[in-house]
Amino acid sequence: MSGIKMERVAWKNFKCYKDFQIDLAELNILAGSNAAGKSSFIQAILLAFQSWEEFDKNVVNTNCVYGVNLGLPINIISENFEGKGITLEIVCGGCGNRVVLGMDEDGGNDMHIRILNGEEIAVQRGERNNLKHMHLFFLNAERQGPRVVSPIREIQPNFVGYAGENTGYLISEIDKRQKLQGIKLPDSLKISPLDRFSANCEAWLDMLIPNTELQCSVDMEKNLSTIKFKNSGEFYLPTATGFGITYVLPIIVQALVASTLENSVLIVENPEAHLHPLSQSRLGKFLALVAWNGVQVLIETHSEHVIDGCRIQAAKEKMCGNVRILFFEKNQENSICKSIAVQENGELEEWPAGFFDQKRQDLRELLEMRRCGN
């Protein structure tokens with residue numbers, strides 16, 4: 001992947017991470033049991049980026065970090081706290097981008113945490129390989145469900161919104177800007193015979209959920225957008241088509257937009273939500289392709305189908321070395337993470353206990369029941 005990317009991250013005293021660091025790749029898959037540290041890992045990245053954006057304010061509002069409520073500052077400091085505060089570092093191009101955060105004297109009862117190294121950040125922002133030059137897009141697990149219309153609000157450039165609420169608006173906006181600004185999709189992501197952005201969004205939606213078409217309209221006077229879908233017959237409002245299509249479309253749109261920008265990072269929580277296993281696998285293949293086209297991708301998933309799709313696409317493209325599976329486990333109060341490599345044929349170098357082995361355990365139990373005549 002050309003351009004700037006996150007090469008390594010290191011957290012100290014943040015939630016379940018007392019002292020943690022790990023390398024990242026182009027495609028990073030976060031897996032593991034509930035409450036093992038996957039969401040906290042993502043939140044650390046979001047907090048680091050937001051601290052860099054707002055360093056001149058000397059504080060960060062922990063109530064809204066890229067749309068996520070982290071709670072009171074005292075709640076995000078590790079239970080095994082050591083040192084002066086939280087340290088979050090993201091290494092890009094060999095350069096560390098460090099944020100040091102600390103509580104006020106009131107013990108962190110305010111919704112703001114102090115940025116303790118603002119002067120250091122101000123100097124680093126003048127360098128090339130830093131977070132200032134990266135486009136971070138984050139899609140929350142709790143995305144917007146089917147709506148008849150969606151209000152257009154809190155518009156950010158090239159962003160569908162944390163819950164996908166501005167998806168319809170962004171599709172229409174990119175269509176309008178495409179010719180004026182020369183926006184082009186990478187060749188391997190352009191699968192429609194038409195160059196139009198919306199046509200390619202529709203083509204990928206059809207790839208993931210066969211025989212699906214979409215239609216977008218925007219009323220800027222009323223500040224509303226509407227998306228309609230068709231599987232057969234007429235176009236229907238999202239409320240007549242279910243959650244799967246509505247949940248996956250923002251991922252497709254955001255991924256395609258990110259692929260047209262340099263130094264983009266796409267983070268998606270639970271991309272598999274409400275999708276059939278076939279669609280989950282195809283979504284994994286799609287996200288892998290996006291990662292090979294200049295977007296650093298991080299997905300948090302409980303779906304072996306998404307992971308299998310990523311592995312298959314990586315093996316086809318001979319890009320297995322650019323995939324990293326981060327398997328999180330809870331060890332007492334701390335989170336530990338095992339990095340699992342993907343071999344050239346798409347197989348994993350190891351299958352640690354607890355890593356998508358429940359199916360084998362269930363089959364073993366069923367076979368034992370059959371053997372015993374139950």
Side-chain angles (χ1 to χ4, degrees), residues 1-9 22-31 38 41-42 45-46 49 90-93 131 133-139 158-160 184-191 200-201 203-205 207-208 248-272 275 279-301 303-327 339-349:
M1 187 182 76
S2 60
I4 307 170
K5 69 172 183 177
M6 297 185 293
E7 297 164 350
R8 186 172 69 255
V9 297
I22 200 162
D23 293 335
L24 298 180
E26 279 81 0
L27 174 59
N28 306 274
I29 303 169
L30 283 59
K38 302 185 299 298
F41 181 89
I42 290 173
I45 294 176
L46 302 180
F49 269 85
I90 299 177
V91 178
C92 305
L131 306 186
H133 301 295
M134 301 180 75
H135 302 281
L136 176 64
F137 303 109
F138 169 64
L139 273 167
N158 303 303
F159 186 37
V160 297
K184 290 185 178 181
L185 291 171
D187 290 342
S188 58
L189 292 176
K190 180 184 173 298
I191 61 171
N200 283 278
C201 291
W204 277 111
L205 182 61
M207 178 70 71
L208 269 59
V248 78
L249 181 59
I251 301 175
I252 295 171
V253 174
Q254 190 62 82
L256 292 179
V257 172
S259 74
T260 68
L261 303 169
E262 291 185 348
N263 308 327
S264 292
V265 178
L266 173 65
I267 303 177
V268 184
E269 292 183 322
N270 299 118
E272 71 273 11
L275 288 178
S279 299
Q280 293 181 29
S281 176
R282 291 182 176 181
L283 179 58
K285 295 175 183 178
F286 168 70
L287 290 171
L289 267 179
V290 171
W292 315 153
N293 281 279
V295 181
Q296 189 169 27
V297 177
L298 291 87
I299 54 177
E300 183 271 318
T301 182
S303 168
E304 57 188 311
H305 305 297
V306 169
I307 296 176
D308 290 345
C310 291
R311 291 164 54 201
I312 291 168
Q313 193 64 41
K316 285 181 177 179
E317 302 285 334
K318 301 188 184 303
M319 299 288 284
C320 292
N322 297 324
V323 183
R324 187 147 291 156
I325 296 177
L326 307 180
F327 178 56
S339 181
I340 304 174
V342 179
Q343 299 173 346
E344 291 184 3
N345 60 358
E347 292 294 327
L348 304 183
E349 66 174 358

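Partners of Arg311 under the salt bridge (charged side-chain N to carboxylate O under 4.0 Å, His left out) rule, at least two apart in sequence or in another chain, are Asp308, Glu347. Partners of Thr301 under the side chain to side chain donor-acceptor pair (under 3.5 Å) rule, at least two apart in sequence or in another chain, are Glu272. Every side chain to side chain donor-acceptor pair (under 3.5 Å) that Gln280 has, sequence neighbours left out, goes to Ser303. Residues passing the ring-ring contact (aromatic ring centres under 6.0 Å, His included) test with Phe138, sequence neighbours excluded: none. Partners of Ala203 under the side chain to side chain contact (heavy atoms under 4.5 Å, CB included) rule, at least two apart in sequence or in another chain, are Ile191, Ser192. The ring-ring contact (aromatic ring centres under 6.0 Å, His included) check on Phe286 picks up Trp204, with sequence neighbours excluded. With sequence neighbours left out, Lys190 forms a salt bridge (charged side-chain N to carboxylate O under 4.0 Å, His left out) with Asp195. Applying the ring-ring contact (aromatic ring centres under 6.0 Å, His included) test to Phe137 and every residue at least two apart in sequence or in another chain returns nothing. Applying the side chain to side chain donor-acceptor pair (under 3.5 Å) criterion to Asn200, with sequence neighbours excluded, gives no partner residue. A search for salt bridge (charged side-chain N to carboxylate O under 4.0 Å, His left out) contacts involving Glu317 returns nothing, not counting sequence neighbours.
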### Task
Applying side chain to side chain contact (heavy atoms under 4.5 Å, CB included), run through Ile325 and Cys310 and close with a yes or a no.
CA-CA 10 Å; Ile325 296 177; Cys310 291; over 6 Å; no
### Working for side chain to side chain contact (heavy atoms under 4.5 Å, CB included), residues Asn322 and Leu27
CA-CA 6 Å; Asn322 297 324; Leu27 174 59; over 6 Å; no
### Message
Please evaluate residues Leu289 and Trp292 with respect to the criterion side chain to side chain contact (heavy atoms under 4.5 Å, CB included), reporting the C-alpha separation (whole Å), side-chain torsions for both, the decisive distance (0.1 Å), and the verdict.
### Response
CA-CA 5 Å; Leu289 267 179; Trp292 315 153; 4.3 Å; yes
### Query
Stepwise, does the side chain to side chain contact (heavy atoms under 4.5 Å, CB included) test hold for Ser279 with Val248?
CA-CA 9 Å; Ser279 299; Val248 78; over 6 Å; no
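Scanning both residues, Glu26 and Lys5, for their nearest heavy atoms gives OE2-NZ, 3.4 Å. For the pair Ser259 and Leu256, the tightest heavy-atom approach, listed with the atom from each and the gap, is OG-O, 2.6 Å. Scanning all heavy atoms of the two residues, the minimum distance from Ser188 to Asn293 falls at OG-ND2, 2.8 Å. Residues Ser264 and Ala258 share a closest heavy-atom pair of OG-O, 3.1 Å. Taking both residues in full, the closest heavy atoms of Thr260 and Leu185 are given as CG2-CD2, 3.9 Å, listed atom of the first, atom of the second, then distance. Of all heavy-atom pairs between Gly309 and Lys285, the closest is O-CG, 3.3 Å.
Taking CG from Asn345 and NZ from Lys318, the interatomic distance works out to 10.5 Å, rounded to the nearest 0.5 Å. Atoms CG and CG, on Leu298 and Asn28 in that order, are 4.5 Å from each other to the nearest 0.5 Å. With values rounded to the nearest 0.5 angstrom, Glu7 atom CD is found 6.5 Å from Cys92 atom SG. From Glu300, atom CD reaches atom NZ of Lys38 across 5.0 Å, with rounding to the nearest 0.5 Å. Interatomic distance, Leu208 CG to Ile252 CD1, rounded to the nearest 0.5 Å: 5.0 Å. If you take CG on Leu326 and CG on Asp23, they are separated by 10.0 Å, rounding to the nearest 0.5 Å.
Surrounding CD of Gln343 are more than 12 heavy atoms belonging to other residues, nucleotides or ligands, all under 6.0 Å away.
Every pair tested for salt bridge (Lys or Arg N to Asp or Glu O under 4.0 Å) that includes a residue from residues 250-270 fails, sequence neighbours excluded, so the list is empty.
With contacts defined as side-chain heavy-atom distances shorter than 4.5 Å, the pair Met6/Val265 qualifies. Here the side chains of Val257 and Phe159 are not in contact, with every heavy-atom distance at 4.5 Å or above. With contacts defined as side-chain heavy-atom distances shorter than 4.5 Å, the pair Leu287/Ile251 qualifies.
At distances below 3.5 Å, not a single donor-acceptor pair connects side-chain atoms of Arg324 with backbone N or O atoms of Ser339.
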